[in-house]
Amino acid sequence: MEESINPIVQNTTNPEPNNSQKSIAGAIIVAGFIIAGAILIKGNGTPITTTTPLMPNYKDIQLAPVSASDQVLGDPNASVTLVVYEDFQCPWCGKIHKEAEKALREKYLPTGKVNLVYRDFSFLGTFVNPYVASKDESSNAAQAARCAGDQGKFWEYHDYLFDHQNGENKGNFSVPNLKSFARILTLDTASFNQCLDSNKYLPAVNASNDQGKIAGVQGTPKGFILKKGKIVDTIDGYMPSEQVTAKIDQALK
């Protein structure tokens with residue numbers, strides 16, 4: 001609802017309309033009913049559609065095309081792609097991971113017709129007090145997942161992070177904890193630790209954040225459904241599994 005202020009104009013006189021004015025007004029009203037009837041009824045009573053629903057103009061969205069640098073789950077040549085921008089600390093991302101993404105993996109990925117692309121939009125530490133040691137948890141978690149990807153375990157690490165969320169910027173994704181997750185997942189910890197400590201993937205994470213902003217991402221989760229490389233629908237914030245799968249079904253038609 002939009003609040004507006006309209007000026008009030010007070011008339012000093014309120015003359016009664018004369019008979020000729022009343023006749024004209026009546027004729028206009030009658031003509032209006034006739035025109036309305038003509039619009040609504042055609043020939044044998046078939047309603048006429050007078051308006052066309054407006055479709056979103058996805059052509060205006062500057063989404064970076066899927067490339068070899070992306071984390072892709074499923075057949076890279078699938079006709080439908082779901083690109084999701086997420087933050088590993090985001091609780092709604094965790095919820096959509098456990099619900100809609102699970103359904104996606106079970107129902108669609110095995111067909112080879114749909115794939116999933118994960119992109120970082122690590123922003124939850126951005127506005128935290130700079131003197132708080134945990135301010136980089138989102139960025140560090142994103143870098144850690146990419147370091148796991150060096151050993152072919154991006155998605156395993158991705159799942160572990162979402163399955164072990166415990167609040168935002170509270171130390172759960174501290175560097176020591178991220179290293180312990182790598183040990184639990186039986187990664188080569190020496191290689192993983194060196195990758196994480198060197199900030200090897202910080203430029204890539206920052207670049208993904210920047211690409212997301214260019215595409216209009218302002219929060220997470222944010223998804224783009226592509227059909228043969230073109231955006232056909234979006235996921236704006238958390239959506240129940242049924243809504244997400246309905247959008248995928250529509251894209252597959």
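Quantities reported herein were computed from a predicted structural model and do not represent experimental measurements.
Note on ring orientation: taking the six-membered ring where Trp is involved, the planes of Phe181 and His164 are tilted (angle from 30° to 60°).
With rounding to the nearest 0.5 angstrom, the CE atom of Met239 is 4.5 Å from the NZ atom of Lys247. Taking OG1 of Thr220 as the start and CD of Gln89 as the end, the distance is 10.0 Å to the nearest 0.5 Å. Atoms CG and OG1, from Asn115 and Thr81 in turn, are 3.5 Å apart once rounded to the nearest 0.5 Å. Summarising the geometry, atom NZ belonging to Lys179 is positioned 10.0 Å from atom SG belonging to Cys147; distances are rounded to the nearest 0.5 Å. Glu99 CD to Gln243 CD: the interatomic distance, rounded to the nearest 0.5 Å, is 11.0 Å. Atom OG of Ser139 and atom CG of Asp87 lie 9.5 Å apart (nearest 0.5 Å).
A ring-centre distance under 6.0 Å is found for Phe88 and Tyr118.
Nearest heavy atom pair, residue Ala103 against residue Ser241, reads CB-OG, 3.5 Å. The nearest pair of heavy atoms linking Leu124 to Ser138 is CB-OG, 3.5 Å. In terms of heavy atoms, Ala204 sits closest to Arg146 at CB-NH1, 3.5 Å. Taking each heavy atom of Phe173 and Ala141 in turn, the nearest pair found is CD1-CB, 4.0 Å. Across every non-hydrogen atom of Ala145 and Leu161, the tightest pair is CB-CD1, 4.4 Å. Contact between Tyr157 and Leu178 at its shortest, heavy atoms only, is OH-O, 2.7 Å.
The list of side chain to side chain donor-acceptor pair (under 3.5 Å) pairs with a residue in residues 208-219, not counting sequence neighbours, is empty.
A side-chain donor-acceptor contact under 3.5 Å links Asp188 to the backbone of Ser191. The main-chain N or O of Arg119 is never found under 3.5 Å from a side-chain atom of Asp70 such that the two would form a donor-acceptor pair. Distance alone, capped at 3.5 Å, is enough to place a donor-acceptor pair between the Tyr108 side chain and the Thr245 backbone. No side-chain donor-acceptor contact under 3.5 Å links Gln71 to the backbone of Phe154. Using a distance-only test at 3.5 Å, with no hydrogens or angles considered, no donor-acceptor pair links the side chain of Glu137 to the main chain of Glu168. Distance alone, capped at 3.5 Å, places no donor-acceptor pair between the Asp159 side chain and the Glu156 backbone.
By the side chain to side chain donor-acceptor pair (under 3.5 Å) test, Asp60 is found to be paired with Asn57, residues two or more places apart in sequence or in another chain being considered. Contacts of Glu86 classified as side chain to side chain donor-acceptor pair (under 3.5 Å), with partners at least two apart in sequence or in another chain: none. Scanning for side chain to side chain donor-acceptor pair (under 3.5 Å) contacts around Lys200 gives Asp150, with sequence neighbours left out. With sequence neighbours excluded, no residue satisfies side chain to side chain donor-acceptor pair (under 3.5 Å) with Asn172.
There is a path of hydrophobic side-chain contacts, each under 4.5 Å, that joins Val244 to Tyr238. Two different hydrophobic clusters hold Leu104 and Val117 under the rule that ILVMFWY side chains link at heavy-atom gaps under 4.5 Å. Taking hydrophobic clusters as Ile, Leu, Val, Met, Phe, Trp and Tyr residues chained together by side-chain heavy-atom distances below 4.5 Å, Leu73 shares a cluster with Ile96. Hydrophobic clustering, with ILVMFWY side chains joined whenever heavy atoms are under 4.5 angstrom apart, keeps Phe224 apart from Ile214. Hydrophobic cluster membership differs between Val72 and Val205, with clusters built from Ile, Leu, Val, Met, Phe, Trp and Tyr side chains linked at under 4.5 angstrom.
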CA sep, side-chain torsions, deciding dist, call: Asp233, Tyr58, side-chain contact (heavy atoms from CB on, under 4.5 Å): CA-CA 8 Å; Asp233 208 340; Tyr58 296 127; 3.5 Å; yes
Report the C-alpha distance between Ile235 and Val84 in whole Å, list the side-chain angles of each, state the deciding distance to 0.1 Å, and finish with yes or no for side-chain contact (heavy atoms from CB on, under 4.5 Å). CA-CA 8 Å; Ile235 295 173; Val84 289; 5.6 Å; no
Trace of the side chain to side chain donor-acceptor pair (under 3.5 Å) decision for Thr186 with Lys153: CA-CA 10 Å; Thr186 66; Lys153 289 195 174 184; 3.1 Å; yes
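A 4.5 Å side-chain heavy-atom check between Val80 and Lys113 finds every atom pair outside the cut-off. At a threshold of 4.5 Å between non-hydrogen side-chain atoms, the residues Lys98 and Lys102 do not count as touching. Looking at heavy atoms from C-beta onward, Gln165 lies out of side-chain contact with His97 at the 4.5 angstrom threshold. Within the 4.5 Å cutoff, no side-chain heavy atoms of Thr111 are placed close to those of Leu252. At least one side-chain heavy atom of Lys107 sits under 4.5 Å from a side-chain heavy atom of Asp249. Contact annotation: the side chain of Asp120 never approaches that of Gln143 to less than 4.5 Å [non-hydrogen atoms, C-beta and beyond].
More than 12 heavy atoms of other residues, nucleotides or ligands sit less than 6.0 Å from atom CH2 of Trp155.
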Report, one line per pair, each donor and acceptor closer than 3.5 Å where one atom sits in a side chain of residues 225-232; sequence neighbours left out.
| residue | atom | partner | partner atom | Å |
| --- | --- | --- | --- | --- |
| Lys227 | NZ | Ala251 | O | 3.0 |
| Lys227 | NZ | Lys253 | O | 2.3 |

